[in-house]
**Student:** 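Structure incoming, see below.
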Amino acid sequence: MLQLLRVFSSSRNQLSKRAALSLDSFTQSTSFSTARQNFSAKGRIGDQVYAPFSIYKGKAALSLSPVLPTFTKLESGSVVVERRGSVMLKFMPAIGERKYDSEKKQLFALSATEVGSLISLGPKDSCELYHDPSMQSSNAGQVRKSLSIKPHADGYFISLTVVNNLLKTRESFSVPVTTAEFAVMKTACSFALPHIMGWDRLTNKVPRGVEVHKSEMAEPQLLDEWER
């Protein structure tokens with residue numbers, strides 16, 4: 001059965017900070033693209049395109065999109081990676097029928113190695129990933145994120161738990177993902193992997209005279225999973 005997704009939005013309405021994402025049907029959006037870089041006549045990088053692959057289910061929504069690395073130019077003229085890229089997972093809780101609260105989103109940035117863990121999963125495999133901003137310090141364990149991917153009859157359960165012992169809060173998200181949806185995630189991550197590593201720059205070099213503007217190399221609000 002063909003399922004159609006219709007998203008109602010209006011640029012004329014002023015949304016409050018607690019505005020929720022509203023959908024018209026219980027299905028998923030299936031678009032994905034890395035940021036496209038075009039070089040203008042003035043040597044500026046422009047025309048950035050962001051198209052996350054999103055899955056909307058009854059209790060939560062999940063989307064993933066690539067975050068490109070940022071680069072810096074050395075005095076020698078060489079360009080090196082300053083900040084590594086990632087594949088950003090974004091979870092949003094449902095607050096009603098086909099409505100999701102973007103203000104209560106939680107992020108989990110997959111490194112290149114963690115992307116490899118996702119790509120290598122078989123039909124009966126599972127994995128768990130942990131992030132702690134204070135790891136190897138006296139504050140280790142105070143704030144912790146754990147991502148689990150576990151198989152079920154028709155795909156996987158992708159779950160995120162965020163524990164903040166300082167604020168005494170615990171947030172949990174769980175999104176059932178079908179086999180087809182997970183296949184899209186794996187293919188998209190495989191495509192994005194060399195881009196988040198910066199390896200695409202080896203074969204698609206910035207022309208001479210083009211200035212690299214770091215703010216244009218990645219979507220600012222998705223650079224750090226710890227910034228909400």
Side-chain angles (χ1 to χ4, degrees), residues 1 3 5 21 23 25-32 52-67 84-102 104-135 140-165 167-193 196-197 222 224-226 228:
M1 178 183 293
Q3 296 181 322
L5 171 68
L21 190 156
L23 299 176
S25 61
F26 180 71
T27 182
Q28 68 278 354
S29 169
T30 57
S31 58
F32 178 91
F53 173 68
S54 301
I55 302 170
Y56 302 97
K57 296 299 171 72
K59 295 183 178 180
L62 166 66
S63 68
L64 72 158
S65 58
V67 177
R84 298 185 183 278
S86 64
V87 171
M88 189 68 75
L89 303 184
K90 180 172 70 173
F91 293 80
M92 294 186 297
I95 56 174
E97 187 176 358
R98 299 182 295 275
K99 294 182 179 180
Y100 302 87
D101 193 342
S102 61
K104 291 185 178 180
K105 68 178 182 293
Q106 285 288 353
L107 306 175
F108 195 95
L110 296 176
S111 66
T113 302
E114 290 170 334
V115 168
S117 296
L118 185 151
I119 294 172
S120 62
L121 287 176
K124 297 182 179 180
D125 295 334
S126 62
C127 74
E128 292 190 5
L129 305 171
Y130 301 92
H131 286 185
D132 185 339
S134 302
M135 189 175 294
Q142 293 300 313
V143 180
R144 189 181 187 187
K145 294 182 179 181
S146 59
L147 178 77
S148 69
I149 304 176
K150 298 181 178 180
H152 67 81
D154 183 31
Y156 295 83
F157 280 110
I158 301 180
S159 304
L160 177 68
T161 300
V162 182
V163 177
N164 189 324
N165 292 324
L167 300 177
K168 297 183 179 180
T169 59
R170 179 186 178 91
E171 299 177 73
S172 297
F173 308 82
S174 184
V175 180
V177 177
T178 67
T179 301
E181 291 165 342
F182 197 73
V184 174
M185 291 178 62
K186 292 175 68 172
T187 302
C189 284
S190 296
F191 176 81
L193 185 56
I196 67 174
M197 296 172 63
L222 293 181
D224 191 342
E225 69 175 84
W226 301 101
R228 297 184 60 180

**Student:** Could you report the tightest heavy-atom contact between Val177 and Lys57, atom names first, then the distance?
**Tutor:**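 Where Val177 meets Lys57 most closely, the heavy atoms are CA-NZ, 4.3 Å.
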**Student:** Heavy atoms only: give me the nearest Cys189-Leu118 pair and the separation to one decimal.
**Tutor:**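 So the two residues come closest at SG-CD2, 4.3 Å.
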**Student:** Can you measure from CD (Glu181) to OH (Tyr156) and round to the nearest 0.5 angstrom?
**Tutor:**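 Here the interatomic distance stands at 13.0 Å.
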**Student:** Which distance, rounded to the nearest 0.5 Å, do you find between the CG of Leu62 and the CD1 of Ile55?
**Tutor:**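 Answer rounded to 0.5 Å: 5.0 Å.
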**Student:** Supply the atom-to-atom distance Lys90 NZ to Phe173 CZ, rounded to the nearest 0.5 angstrom.
**Tutor:**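 Separation between the atoms: 11.5 Å.
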**Student:** Can you name the nearest heavy-atom pair linking Ser86 to Ile196, along with the distance?
**Tutor:**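 Taking Ser86 first and Ile196 second, the nearest heavy atoms are O-CG2, 3.4 Å.
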**Student:** Do Phe91 and Leu147 pass the side chain to side chain contact (heavy atoms under 4.5 Å, CB included) test, and can you show the C-alpha distance, the side-chain angles, and the key distance before you say yes or no?
**Tutor:** CA-CA 11 Å; Phe91 293 80; Leu147 178 77; 3.7 Å; yes
**Student:** Counting N and O atoms only, with roles assigned by atom type, does the side chain of Asp101 sit under 3.5 Å from a partner on the main chain of Pro93, one being a donor and the other an acceptor?
**Tutor:**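 Pair absent, no side-chain N/O of Asp101 close to backbone of Pro93.
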**Student:** Would you indicate whether Lys150, at its atom NZ, is surrounded by more than 12 heavy atoms from other residues, nucleotides or ligands within a distance under 6.0 Å?
**Tutor:**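 Incorrect, the count does not exceed 12.
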**Student:** Testing the basics here: between Leu107 and Lys145, what is the closest heavy-atom pair and its distance to 0.1 Å?
**Tutor:**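 Shortest heavy-atom contact: O-NZ, 2.6 Å.
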**Student:** Dump the intermediate steps for side chain to side chain contact (heavy atoms under 4.5 Å, CB included) on Asn165 and Val163, then the final yes or no.
**Tutor:** CA-CA 6 Å; Asn165 292 324; Val163 177; 3.5 Å; yes
**Student:** Roughly how far, to the nearest 0.5 Å, is the CE atom of Met92 from the OG atom of Ser54?
**Tutor:**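 Spacing of OG (Ser54) from CE (Met92) equals 7.0 Å.
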**Student:** Grab the two heavy atoms, one from Gly58 and one from Ala94, that are nearest each other, plus how far apart they are.
**Tutor:**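 Of all heavy-atom pairs spanning Gly58 and Ala94, the closest is O-CB, 3.3 Å.
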**Student:** Look up atom OG in Ser111 and atom CZ in Arg84, then write down how far apart they are to the nearest 0.5 Å.
**Tutor:**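 Atom-to-atom, Ser111:OG and Arg84:CZ are 9.5 Å apart.
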**Student:** With Phe157, which residues qualify under ring-ring contact (aromatic ring centres under 6.0 Å, His included), at least two apart?
**Tutor:**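 Phe157 satisfies ring-ring contact (aromatic ring centres under 6.0 Å, His included) with His152 only.
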**Student:** Run the side chain to side chain contact (heavy atoms under 4.5 Å, CB included) check on Met185 and Ile158 step by step: do they pass?
**Tutor:** CA-CA 12 Å; Met185 291 178 62; Ile158 301 180; 3.7 Å; yes
**Student:** Roughly how far, to the nearest 0.5 Å, is CE of Met88 from CG of Leu64?
**Tutor:**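 It is 11.0 Å, given to the nearest 0.5 Å.
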**Student:** Minimum heavy-atom separation for Pro123 to Pro151, with atom names?
**Tutor:**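 So the two residues come closest at O-CB, 3.4 Å.
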**Student:** Please assess Tyr130 against Arg144 for the test side chain to side chain contact (heavy atoms under 4.5 Å, CB included), listing each intermediate value before the final yes or no.
**Tutor:** CA-CA 7 Å; Tyr130 301 92; Arg144 189 181 187 187; 3.2 Å; yes
